[in-house]
Protein chains: 2
Amino acid sequence: MNKKRTTLKDIANVLSISTAAVSKALNDDARISVKTKKAVKQVAKELNYQPNHLASALRKGKSNLVGVIVPRTNSSFFSSVVENMEEVLNKAGYNIIITQSNESFEKECKNIDALLYTQVDGIIASMANETVDLSYYEKIKSYGIPLILFDRGENDLNVDYVGIDDYKSSHMIVDHLVSQGCKRIAHIGGYRRTRIFNNRIRGYIDAIKKHDLPHDDELLIESSLTLEDGRQQIEKLLALKNRPDAVYVASDYAALGSLQVLKEKGIKVPEEIKLVGFGNEPFTSLVTPSITSINQHSEQIGKLAAETFLGYLERDVVVQSLNKIILDSELIVRSSSE
Amino acid sequence: MNKKRTTLKDIANVLSISTAAVSKALNDDARISVKTKKAVKQVAKELNYQPNHLASALRKGKSNLVGVIVPRTNSSFFSSVVENMEEVLNKAGYNIIITQSNESFEKECKNIDALLYTQVDGIIASMANETVDLSYYEKIKSYGIPLILFDRGENDLNVDYVGIDDYKSSHMIVDHLVSQGCKRIAHIGGYRRTRIFNNRIRGYIDAIKKHDLPHDDELLIESSLTLEDGRQQIEKLLALKNRPDAVYVASDYAALGSLQVLKEKGIKVPEEIKLVGFGNEPFTSLVTPSITSINQHSEQIGKLAAETFLGYLERDVVVQSLNKIILDSELIVRSSSE
DNA sequence: TATATTTGTTTAATCGATTAACCAAAAGTA
DNA sequence: TACTTTTGGTTAATCGATTAAACAAATATA
């Protein structure tokens, strides 16, 4: 019942030729006659031959698999990035293995091990927020396979990186809020140890200074940026003697949490407080009021990361260096800030 | 630079024993002395040995990989299912390969081929809405590896299935709406060719009859259930001479689309029209008004699907049959319907 | 002491595809 | 004709781990 799969040998037997000839015929080797090729392909089709990937990968030392690690797939940004990566890689004959870290360092390490174990030819990853210890990423490098980071990267790893200009994005947001007449702009950011959040914070601070606005310590908060964080941190800002008139939240999820609290307390957005998120998650346009946010060009990021990986294929020794591709972001203005 | 990976042979050379002994030592074979085992493990650690999965998988005829196909990862339902599957499978020594069909039949076929090519030991899938032709799924079965379907299944395939009781869920929704005083309940459903949507439609119709309410053809609409569909179909319902006082939408995304239109038109929800979605996506609790929906127990579905797969490991011949695990769903009542 | 059993390991085959090296026959060339 | 080149393959090794079968040495048993 559980019929054995067809192998090269089966085809070879039918035609009374060697398996080598069959292999070459299927791979369109120049040294095989057109006649033989035709016959081989014909029999292969008849016997429903499917190459055994494990065998060829073992022999060739190449699996044609690329591992992808994302904090979570359940986010339109990451899912769009992955989709676009897949498209590019599929075209080049690669399949991808998606894993999610759920923002957990431990899970991320397990994923890395699982991917290396599966003998992927490269890894494209966006780091978990928790991750500080880079040893597992160093391990990838020590395997001699390309490692490409996107969105959540780390300079110290000295590998390729694709992402947007977070520093500049903060400027765009602050500039916009100032143009809307805001004078006291708060920032609910991520933790500085994560590069992208640090850049957003630096951008925020510099932009505030640029506009000669108060750079008040109490207006800058670091958090994990979950929805719940957004709720808690806005409460802190609302409790201030001198409330802000605008809040720039470094994640749409947290921004949504903040919006919920503002609505619950009957504070009018954008009239009393203007709100800006980050990431352009679909719900930002769906909630009331819709939330102004930053579009990170997930399609571009996915494609560029995949192409960066493919760029390594031509070289036979992988030597990586810090090589950043920084894309411009786009401010999508919605009701929450105008 | 690109250092060769350590193999069994390297360890064997260091200790001047055979690779067979090394292999057995690492696998804790009873015939290897404790002394040798210790020495082997010691050297393996020193040389940072990592087994080559391709080689062992090829030899054992087992990859310890499970393929997962979902319509999209960018949905809390599917992402939660996958997460829970992964947890169960990881514990059993399996890794998963996630692929998404984007609701496209063509992409789904490609994914199936890619997974079979990677020599996965089994496939757990939720079918794309488009999929009618089952030949690619039959192909999986013909490979003799277990196929488990969840959420979007198909009786004709005669394989295991894990999902909720859609028929009963419709009854719960209609019962609830009736208890809120609704007299004209419309249903924006999926296409009947998809089993789950057909069941929801049947449930809707039977529940309507049960309550002696008008079962009006114009109140039942089939669509693709995207957000955009939700917008278009509600327009149709609003254009009716005799408008419904409640709309049960078979997907949260479409429900959201409908809600947007209702709000745009200034129609009060739930006062003028009550609205119920399906799937309990996170945004249902985030939008205003929050949307009543059905929780599908993604955690349970993920775990049970994974366990069903693991159940096949003990048997050496895979013989599958239609074996359904149907879970009860849960109605989460929110502002849009009360 | 002679034989049987156990212990611990080695040898060699194997999984299936690829490929370097080799070779015979056909065709080309001087 | 004699030698070279081209064509179209074949042979055999290889990727790395596993495992059936063989085997030597140590130990037990009669």
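Only this structure's heavy atoms are used, side chains among them; waters, hydrogens and symmetry mates stay out. Computed from a prediction, not measured in an experiment: that's the story for all the values here. Proteins come first, then strands; the chains are lettered A, B, ... in the order of their sequence lines, and each starts at number 1.
The interatomic distance linking B:Asn64 (CG) with D:dA17 (P) rounds to 15 Å, in whole Å. For the pair B:Ile11 CD1 and D:dG16 P, the computed distance is 13 Å after rounding to whole Å. A:Asn52 places its CG atom 6 Å from the C1' atom of C:dG16, with the value rounded to the nearest Å. Regarding A:Asp10, its CG atom lies at a distance of 13 Å from the C1' atom of C:dA17, rounded to whole Å. When rounded to the nearest whole Å, the span between CD of A:Gln119 and C1' of D:dG16 equals 9 Å. B:His53 places its NE2 atom 13 Å from the C1' atom of C:dC15, with the value rounded to the nearest Å. In this structure, the CZ atom of B:Arg5 is 10 Å from the P atom of D:dG16, given to the nearest Å. For A:Asp29 and C:dT19, the CG to P distance is 9 Å, given to the nearest whole Å.
Phosphate contact (OP1/OP2 of D:dA17, side-chain N/O of B:Tyr49, threshold under 4.0 Å): present. Phosphate proximity of D:dT10 to A:Ser18: present, with a side-chain N or O under 4.0 Å from OP1 or OP2. OP1 or OP2 of C:dT18 has at least one side-chain nitrogen or oxygen of A:Ser23 nearer than 4.0 Å. Within the structure, a side-chain polar atom (N or O) of A:Asn27 is placed less than 4.0 Å from OP1 or OP2 of C:dT18. Between A:Ser33 and the phosphate of D:dG9, there is a side-chain N or O to OP1/OP2 separation shorter than 4.0 Å. For B:Thr19 and D:dG16, the shortest distance from a side-chain N or O to OP1 or OP2 is not below 4.0 Å. Dashed line: the shortest gap from a side-chain N or O of B:Thr7 to OP1 or OP2 of D:dC15 is not under 4.0 Å.
Between B:Arg195 and B:Glu154 there is no salt bridge, since none of the side-chain N atoms of the basic residue sits less than 4.0 Å from a carboxylate O of the acidic one. Taking 4.0 Å as the cut-off between side-chain N and carboxylate O, A:Glu307 and A:Lys303 do not count as a salt-bridged pair.
Applying the 3.5 Å distance criterion, the base of D:dT10 shares a donor-acceptor pair with the side chain of A:Lys24. One can find a donor-acceptor pair under 3.5 Å joining the base of C:dG8 and the side-chain atoms of B:Arg31.
A:Ile17 comes within contact range of the sugar-phosphate backbone alone, with a heavy-atom separation under 4.0 Å but no base atom that close.
Nearest nucleotide to the A:Ala20 side chain, out of D:dT18, C:dG16, D:dT10: D:dT10.
Counted by atom type alone, B:Tyr312 and B:Gln320 present one or more donor-acceptor pairs between their side chains at under 3.5 Å. Between the side chains of A:Lys324 and A:Asn155, at least one donor N or O sits under 3.5 Å from an acceptor N or O.
In this view, A:Thr118 satisfies the side chain to side chain donor-acceptor pair (under 3.5 Å) rule with no residue, not counting sequence neighbours.
For the pair B:Lys60 and A:Ala21, nearest-nucleotide mapping onto DNA chain D gives the more 5' position to A:Ala21.
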